[in-house]
Amino acid sequence: MSSTIKDHIRESRAFNERAAIILGLVVTATLILFIRLFYLQIISYEHFITLAENNRVAIIPTPPTRGLIYDRNGVLLAQNTPSFSLDIIPERVTDLKLTISELTKIISISAEDLTRFNKELKQKKPFMSISLRYNLNEDEVATFAIHRYRFPGVEVEAQLIRHYPFGGLASHTVGYVSRLDEEDLKVLDAPNYRATRFIGKAGIEKFYEGVLHGTTGYNHAETNAAGRSLQILKRDLPTPGQNLYLTVDSRLQQIAETAMGGFRGGVIAIDPRNGDVLVMASMPTFDPNLFAAGIDSKTYHDLQASPDIPLYNRALQGRYPPGSTLKPFIGLAGLENNSAKVEGATFCPGWYTLKGDSHRYRDWKKEGHGYMTLDSAITQSCDIYFYDLALDLGIDKMHDILSRFGFGARTDIDMVSETSGLIPSRDWKRRARHQPWFPGETLITGIGQGYTLVTPIQLATAVSTMAMKGQRMQPRLVYAFQDSASSSISLLEPVKKEPIKLSNPAYWDQIIAAMTNVVHGPHGTAQGISRNLPFKIAGKTGTAQVFGIKQNEKYNANQISERLRDHALFISFAPADDPRIAIAVVVENGEHGASTAAPVARKLIEAYLINNTPPVPQNGVKP
Amino acid sequence: MTMLRHRDPPRWGDRRRPALLVRGLHLDAPLMIGIGLLCLISLVVVYSASGQDGGLIAQQLLRLLMAFMLMALIAQIPPHHLEFWAPWFYGLSLGLLFAVMLFGDEGKGAQRWLDIGGFRFQPSEMMKLALPMMVAWYFADHQLPPNKRGIAITLLLIAVPAALIARQPDLGTAMLIVAGGLSVLLLAGLRIRHIMFFVMTGAALAPLVWFNLHDYQKSRILNFLDPERDPLGTGYHIIQSKIAIGSGGLYGKGWMNGSQAQLDFLPEQSTDFIFAVLSEEFGLIGVLLLLAIYLFVISRGLYIATQAQDTFARLLAGGLILSFFVYMCINIGMVTGLLPVVGVPLPLISYGGTSMVTLMSAFGVLMSIQTHRRLVST
């Protein structure tokens, strides 16, 4: 025990010695730190105080110039124009309240401007400029110039803002830019957006934001103690964004939008050979300049609340029952699956019943079409024939062929907010509705009613595929990028998709012949558009019910409100034997495909194939 | 020795000394004063560095309060209880470090946090306390000064958690952990030849370590050696920090008047670079005051260690206070450009809860050692 104690005492003494050494180390180290601080704070004081007070380098980001957007012929659709803003540097203003109230007397400043200004005032450093008003007009700039001497610390600054020279033309396709907000910065590469004020919020402007934006540059500025820049020491220039060439033909686009004649709806025209989207129209349009100029909340709210939903891109987002436009595809399914029904003729009495069910599925022609072959059933759009064919095929085979044409799935066009539509199947119904599939649903699927919903872009790509006899092209809106600095153009190759191969290629010709008869045959539903053409158009009309009519009711257009009238559809391509344009037109509440939708397609075909004198490109670029 | 450690003798300290309130609460008055002053300085400087953010100060005050409560709670635990639980605590911390590696949350690109029932914490902070306890526990029962075997085991005890933390990757904390373990080893009594051996091995291993560092860690070391290398990137921090400190001069620019700090030229100015704000605004005078308080706290800690009554308590107290000193040295060395930027807060001054809680717990242990005295008899 005594040795333990001795150990303990010895150990304690040894520890105290070590502690003393450690204390020595601590003091030495602290002394070293002190010497270092003495060196920095006393000996080098002059050096560092100069750096701090007079010679600081501030790094100021400079925004890149946004890429321009041209149509396929080089017509400018989105450009950058100078705009003037009234900027205040708070620390240079002696009495901010007084200054603002005096400014209000010469330049109109809204309550909304003030709210935004005060918000930024809290967030920014006092030496950073804050815009009090955007988009001063020339008069306002001139007025301020006269009074400028009274307002030290207030400046009129010029900056580039986005301008869309054609206003609402192709507004959904081009899209718009809008002021960058905090939510945007969360998902962006924030350092590259340090100086950027606007960001693409819709359409091409949004989808190609990364290409259009460019890379932010930096000015290395010498600043004084208050952070004000004195001179630029070094410039890392921003890299401007790339220019885009759209596949859209603005002249055709204009014709399509005019031809819609005030109806709501969507028009898509595609060059079936390469997938170039020549027209993408959604009616009504809106003025994208409202957004680029800084939209006020009331105008924005009005746009959002309008029953016409103008901000909605019907061409990609609109989900419509395809109606009879689906019949050529169902007919093709009949041929491909060797259905007995397509061989002979089916009698159409004007109605159809399923075995063991008294429900009468009606034809649009009350008295019936009589004996119908596949060709005449497409030409005259007989419903009874397709009820019969659909029942024979069954939902699975119809779902298969429609899916292969791309219905029910996004086309993956280079554009935002496309919807997929819906092609019903047994699986889908079990999952979504927890119900089995009923035979009656097979019938109405055969004439494009029921659950089936398609988008105009799907209709257009599907009819392109029909025109190309199975060759599927990825639809696209941009065919070239242009480097802003070198003006060199890089063309994008058209993208082919998995083609549809039929057991007998002659089936394509059979359907195309029937579709040609729709326009040119004596009983064709769209023969109204066939006059005076040096070539033939293949097409198919469609009428889609917006709401169901009861069994014993009669559809009376005059009695039901405008918004519940049928949608009119028309799909087509031309020339029928050498397709160069494929078109899908959906006219909301347009009632009959032949009367409202088909004429739109005719005007486009005429303008594109007959009167096609493209405008002189503004910058010598040819597609 | 063994008997002594397991006995539960009567306390006599309370009877012999004046019955101060702090003593009755097992708190140490000189340490309390030192820590209190440091925390006060912290609040003053953080308020300025954060751009006069009152909300931040309220948050920090709340954390301080909680940390103080934790300290007082730990001070109630007699040292021999700590000794009994040391290996368990070490095991638990190690287990949690493994858990972080497997399921930890990521923050700022590093995996450091563990989320248990919505409560997030960093097991590496626990390890800062657990490792010195474990090493002290080990030496309490073994021959001193340690032989080769003892050193090897200690190094293993240090290396495993340090490697896990370095892997997160959190090189700064890993360094602090190593410092904590080595502090105890040093106090246990290292021979000169052993120290020489460490230095040689370290020099030999350096290239190996270099190639296993992350790019950002390499760039920190390179920027430390040559800040001009990347004046707009990581080197910018050191340059701006030196400008801030140097321009503070003897008297400083005054509270909330540091242009470097107030104009956001300083990085991480409420946390890792808080010392630069203090130096800029209070000058060398302010810095001297801070160093004096630090020295006072450290001396008091060392005194407590020398007065401790058994090997475990002595080594633990000494190790903890020595690590505290190392933290301070690394941070000030980093901010003044003497050491690489490793992301280590200035103890008790930097804004932030986690390190504050750990440090206060360590002071709780020191107070427990100082206030739970036992009669040593045979």
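Chain naming here is simple, since letters A, B, ... match the order of the sequence lines and numbering starts at 1 in each.
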TODO: List for me each residue that meets ring pair (Phe, Tyr, Trp, His ring centres under 6.0 Å) alongside Phe139(B), sequence neighbours excluded, and say none if there are none.
DONE: none
Task: Residue Tyr39(A) versus chain B: region with a heavy atom under 4.5 Å - done: neither
- [ ] To the nearest 0.5 angstrom, please state how far the CD1 atom of Ile32(A) sits from the OG1 atom of Thr336(B).
- [x] 11.0 Å
Open item on the list: Measuring only between side-chain heavy atoms, which start at C-beta, is Phe34(A) closer than 4.5 Å to Leu284(B)?
Closed with: yes
Task: Engaged part of Leu37(A) at the chain B interface, taking heavy atoms whose separation is under 4.5 Å - done: both
- [ ] Go through Gly252(B), Gly318(B), Gly189(B), Cys329(B) and name the one with the most non-hydrogen pairs under 4.5 angstrom from chain A.
- [x] Gly189(B)
TODO: With sequence neighbours excluded, tell me which residues meet ring pair (Phe, Tyr, Trp, His ring centres under 6.0 Å) with His142(B).
DONE: Tyr138(B)
Task: Rounded distance [0.5 Å steps], CZ in Arg18(A) versus CG in Leu315(B) - done: 7.5 Å
TODO: Using a cut-off of 6.0 Å, state whether more than 12 heavy atoms not belonging to Arg150(A) lie near its atom CZ.
DONE: yes
Task: Distance in Å, Leu187(B) CG paired with Ile21(A) CD1, rounded so as to fall on 0.5 Å steps - done: 10.0 Å
Open item on the list: Looking at every heavy atom in both Phe325(B) and Ala29(A), which two are closest together, and how far apart are they?
Closed with: CZ-CB, 3.3 Å
Task: Residue part contacting chain A, namely of Leu295(B), when any heavy atom lies under 4.5 Å - done: side chain
Task: Side chain, backbone, both or neither of Ser279(B) within contact of chain A (heavy atoms, under 4.5 Å) - done: both
Open item on the list: Taking side chain as everything from C-beta outward and backbone as N, CA, C, O, which of these in Ile298(B) sits under 4.5 Å from a heavy atom of chain A? Side chain, backbone, both or neither.
Closed with: side chain
Open item on the list: Under 4.5 Å from any heavy atom of chain A, what part of Ala308(B) do you find: side chain, backbone, both or neither?
Closed with: neither
- [ ] May I ask you to name which of Ala19(A), Ala20(A), Ser12(A) has the most heavy-atom pairs under 4.5 Å with chain B?
- [x] Ser12(A)
Open item on the list: Report which part of Tyr251(B) has an atom under 4.5 Å of a heavy atom belonging to chain A: side chain, backbone, both, or neither.
Closed with: neither
Open item on the list: Run the side-chain contact (heavy atoms from CB on, under 4.5 Å) test on Leu250(B) and Gln41(A) for me, step by step, so that the C-alpha distance in whole Å, both residues' side-chain angles and the decisive distance to 0.1 Å come before the verdict.
Closed with: CA-CA 6 Å; Leu250(B) 184 59; Gln41(A) 297 195 291; over 6 Å; no
TODO: Can you tell which part of Leu186(B) gets under 4.5 Å to a heavy atom of chain A, answering side chain, backbone, both or neither?
DONE: both
Open item on the list: At a heavy-atom distance under 4.5 Å, which candidate from Asn16(A), Val26(A), Leu33(A), Leu23(A) has the highest pair count against chain B?
Closed with: Val26(A)
Open item on the list: To the nearest 0.5 Å, what is the distance between CD1 on Ile22(A) and CG on Leu322(B)?
Closed with: 5.0 Å
